[in-house]
Amino acid sequence: MIVEVIVDVSAYPIDRPFDYIVPEELETLVERGSRVHVPFGNRKVQGFITDVKEQTDLDISKLKEIHSIIDVEPVVTEELLQLSKWLTNKTLCYEIDALQVMLPAALRASYKKNIKLIDPSALDEAFLALFYKKEVISYDVIEKSGLLRQMKKYLIDGSVHLETVIKQQAKAKTILKYHVTADKEFILEQLKSLTKQAVKQKELIEWLLDQEQTSFTMNELMDLAKANNSSVKALVDKNILEKRNAEIYREITTLDHQEKDQRFQLTDEQISALTNINHSQNHAENTTFLLHGITGSGKTEIYLNAIENSILKGKQAIMLVPEISLTPQMTRRFKLRFGDQVAVMHSGLSIGEKYDEWRKIWRGEVKVVVGARSAIFAPFKDLGVIILDEEHESTYKQEDNPRYHARDVAIWRSEFHKCPVILGSATPSLESYARASKGVYSLLKLKMRAKEQALPTVNVVDMRAELKNGNRSMFSVDLADAVREKLEKKEQIVLFLNKRGFSSFVLCRDCGTVVECKQCDISLTYHRAGEQLKCHYCGHEEPVPSKCPECESEHIRFFGTGTQKVEEEIAKLFPFARVLRMDVDTTKTKGSHERILKQFGDGDADILLGTQMIAKGLDFPNITLVGVLNADTTLHLADFRAAEKTFQLMTQVSGRAGRHDKEGQVYIQTYTPEHYAIELSKSQLYEPFYQKEMLVRKQYGYPPFYYLTLVQVTHENVMVASEYAKLATNWLRVNLSSETLVIGPTACAISKIQNRYRYQCLIKYKKEPLLIEKLQQLIKIYRTEWMKKGIILTIDLDPSTIL
DNA sequence: CAGTCCGTTATT
DNA sequence: ATAACGGACTGT
């Protein structure tokens, strides 16, 4: 028996299946989708069986045998195997990367190099000493000792061997349990033969005989039976108890027990939307629905109902949220409704926790997964519905290989399972809305807020006028008044600082120098904590200089607005307000999001001040004022989605106000009040924005009128980078059809990151059937010729940003 | 001619 | 990706 194996080596010539012989004793165990360990070259690597066959085109004597099988049950289902092929082709990645991305990190191998002692007599003393009494030592030990050179010699003459050990990144957690295995008579006999002093043992045996349960943890025995370590041990010695390891799951969610699941009376709109979805589910149609519901229109309740319907039919559901650790309320609602039928998957979990949640899905112990992007690969066997909440969010697009979009994967899986997809948003991506308008997706609308609250009133404040009137603070007069009023009423306020593409930098007031990162073409960001300057691209850190590095002037200070600075200003303006700050600095530790949100929800603060991360999911009844301090910073990014992103953000943020019975107010401060993205967010109407933005997209040839593919070329040397970018661009121009626009090469907006100069080429096309094929050819040229020159070329189909 | 450096080559 | 191989160069 022969198996085809995709080996865990990401390199161009290895990106194909390799044949291996299956040793007879393993023949009954091999299955497509199982992981194996195989010899590869002179090392041992992990791989995936992608096919099982009897014949091979190769000379059978050249084939090696599989070393071992890791999974008795395949970890990649038949469906996901097919999906991995599609992903490989669609995102132009290595097949192994497509396979790995579908599994939790715990199942990925990590490799360790060891040196094994073969002939001690051949080694010199210093080298031999490294081994001490061991036969195998880590390669690192030798590296640290500086005897690598020696080792090479010994490797060649065979006195030591190099071996690779494959390690798993996490294991199932186990707990030691004590089982009553002996029969009653035996136990009674033992009880009789106890000596008089063995009071504790006697008590324990009697207690055990009273129990229905037959297995206990040491803690249970100590707490419930008041046993102690030595008496338990004695019973183990007497064969009354037996020690066994039992697999347990790591506990992750902490539900408040007082909380109750709330079911809401559905509105007519909700019922109508749900009827459509359920119809599609019941008739096994793979319809993609775009659920366009304004903020507070009760989309989540529809998701819950659709999933319920799916569970009733014995099927499973995937619920994707943009970044779940930011929306604990969402998870909680699902847990409340579906209890332990829910698995949770997000970046806040440890490798082991993710592994446990994944196994619950894989074993069919849960029916629903609520999770971030990667949860789209949940190994469910019979999906009833797939939901993407806030479908316009760019977090659904993975920014490194494989560069997939969860929406595309969702639609692929829905075709496989013949089940509907629901894309939900108050501000759909233009692509999705356009598809819905064309009838490719089925559009469902929720125009009313579920509890019939009025939408908040939105005021746009022109900050230029404020400046003219001599107000140089970050708060306009209007916003400051509103804040004061709400503080008096004891209502809550959310202040939003739009930080994307804009942050505090350090500037010399004499010569105008801005302190920049030495490795990247980007100014350093000022961080109050520790008076540090940090580069947000490469992570470089340095202390704030006391003198200008250029002119040595001492008039150097930070500019721009960070949350810390706003916090100080709030303290000045509203000295009695209690402020909670939520940004990268205050949410570093695990669970800090939840903690801050809970504090705010409990009313422990009057003002929640934060960045992008507070735009989503906040749902507290007492929030009646939302202030956007600087709306236009996202607007001036050199990205075709800048207006869309701004409008979405403004709408999302505004939606945080007045979600319950109290009326909400929103103030948007901006220097460009006339821009349509700002102007139209006043009315909070999506449709007019969509129409206007579509005109712009059409005029400049951007999605959804054209598809985009972004090709980036980087190199340490500017000239080389530019030269090869030109080569790539010209090659594409020659090889792609004449209607396709190949733009560039141009220097990237951030022209240098980590000392590598960056150039890019943008491909715009409406129809290009040969695109993938041509790009594969370009990749081949790159990998066989350009790579050795230090060029890095990346291709991003449907990029989420072209910055 | 042994030792070292570095680009080439094959991986089932 | 990675380790082994082989050719060129260095120093004895």
Side-chain angles (χ1 to χ4, degrees), chain A residues 1-24 26-27 30 32 34-70 88 92-101 108-116 118 122-124 127 136-140 142-143 146-167 169 400-402 720 779-794:
Chain A
M1 195 185 266
I2 311 283
V3 285
E4 290 187 358
V5 175
I6 295 288
V7 192
D8 178 18
V9 177
S10 301
Y12 179 61
I14 292 134
D15 186 29
R16 61 188 175 81
F18 284 79
D19 287 1
Y20 285 89
I21 295 172
V22 182
E24 216 165 308
L26 296 180
E27 283 198 352
V30 294
R32 282 156 59 88
S34 286
R35 291 171 306 154
V36 283
H37 287 171
V38 292
F40 190 75
N42 51 353
R43 56 210 164 113
K44 202 172 83 188
V45 297
Q46 185 168 300
F48 293 86
I49 299 177
T50 52
D51 241 321
V52 182
K53 58 191 185 182
E54 294 301 328
Q55 298 287 314
T56 175
D57 304 334
L58 286 117
D59 180 357
I60 199 127
S61 64
K62 293 256 165 64
L63 296 198
K64 289 184 184 170
E65 283 191 349
I66 284 179
H67 181 271
S68 59
I69 296 178
I70 310 164
T88 304
L92 301 162
C93 69
Y94 296 127
E95 212 168 329
I96 188 67
D97 290 336
L99 285 164
Q100 304 269 37
V101 79
R108 251 165 259 167
S110 68
Y111 299 91
K112 201 178 165 341
K113 284 193 275 185
N114 283 341
I115 301 298
K116 192 177 176 188
I118 302 290
L123 309 185
D124 72 31
F127 197 85
V136 178
I137 56 167
S138 162
Y139 180 91
D140 303 339
I142 295 169
E143 198 167 32
L147 296 174
L148 273 182
R149 192 153 290 193
Q150 294 247 352
M151 189 203 67
K152 259 194 168 167
K153 235 185 278 171
Y154 294 138
L155 267 179
I156 292 163
D157 67 31
S159 24
V160 297
H161 272 182
L162 177 67
E163 48 182 34
T164 44
V165 183
I166 305 174
K167 290 203 302 180
Q169 301 199 3
D400 44 56
N401 281 332
V720 181
I779 288 177
K780 191 172 179 186
I781 298 173
Y782 153 64
R783 283 173 183 158
T784 51
E785 292 167 34
W786 301 357
M787 219 154 95
K788 37 183 177 255
K789 303 202 166 82
I791 295 282
I792 294 178
L793 178 138
T794 54

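Protein chains get the first letters and strands the later ones, always in sequence-line order, with residue 1 at the start of each.
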Separation of atom NZ in A:Lys153 from atom C1' in C:dA3, rounded to whole Å: 19 Å

Residues, nucleotides or ligands: over 12 heavy atoms within 6.0 Å of A:Lys116 NZ: no

Polar side chain donor-acceptor pair, A:Tyr111 to A:Asp8, under 3.5 angstrom: yes

Donor-acceptor pair, side chain of A:Lys788 and main chain of A:Thr784, under 3.5 angstrom: yes

Sugar-phosphate, base or nothing in reach of A:Phe40, heavy atoms under 4.0 Å: base

Length of the line joining A:Lys44:NZ and C:dT2:P, which is rounded to integer Å: 17 Å

Sugar-phosphate only, base, or nothing, as touched by A:Lys113 at under 4.0 Å among non-hydrogen atoms: sugar-phosphate

Sugar-phosphate only, base, or nothing, as touched by A:Pro13 at under 4.0 Å among non-hydrogen atoms: base

Residue met sooner reading DNA chain C from 5', once A:Asn42 and A:Val9 are mapped to nucleotides: A:Val9

Separation of atom NZ in A:Lys152 from atom C1' in C:dT2, rounded to whole Å: 12 Å

Bounds of contact between DNA chain B and chain A, in 5' to 3' order, using a heavy-atom cut-off under 4.0 Å: B:dC5 to B:dT12

Under 3.5 Å donor-acceptor, A:Thr164 side chain and A:Lys113 backbone: no

Student check: side-chain heavy atoms of A:Lys64 and A:Val38 closer than 4.5 Å: no

Atom-to-atom span, CG of A:Leu155 to P of C:dA4 - whole angstrom: 6 Å

Pair A:Asp19 + A:Lys53, salt bridge at N-O below 4.0 Å: yes

Gap between atoms OH and C1', on A:Tyr111 and C:dT2 respectively (whole Å): 12 Å

A:Arg43 (side chain) and C:dA1 (base): donor-acceptor pair under 3.5 Å: yes

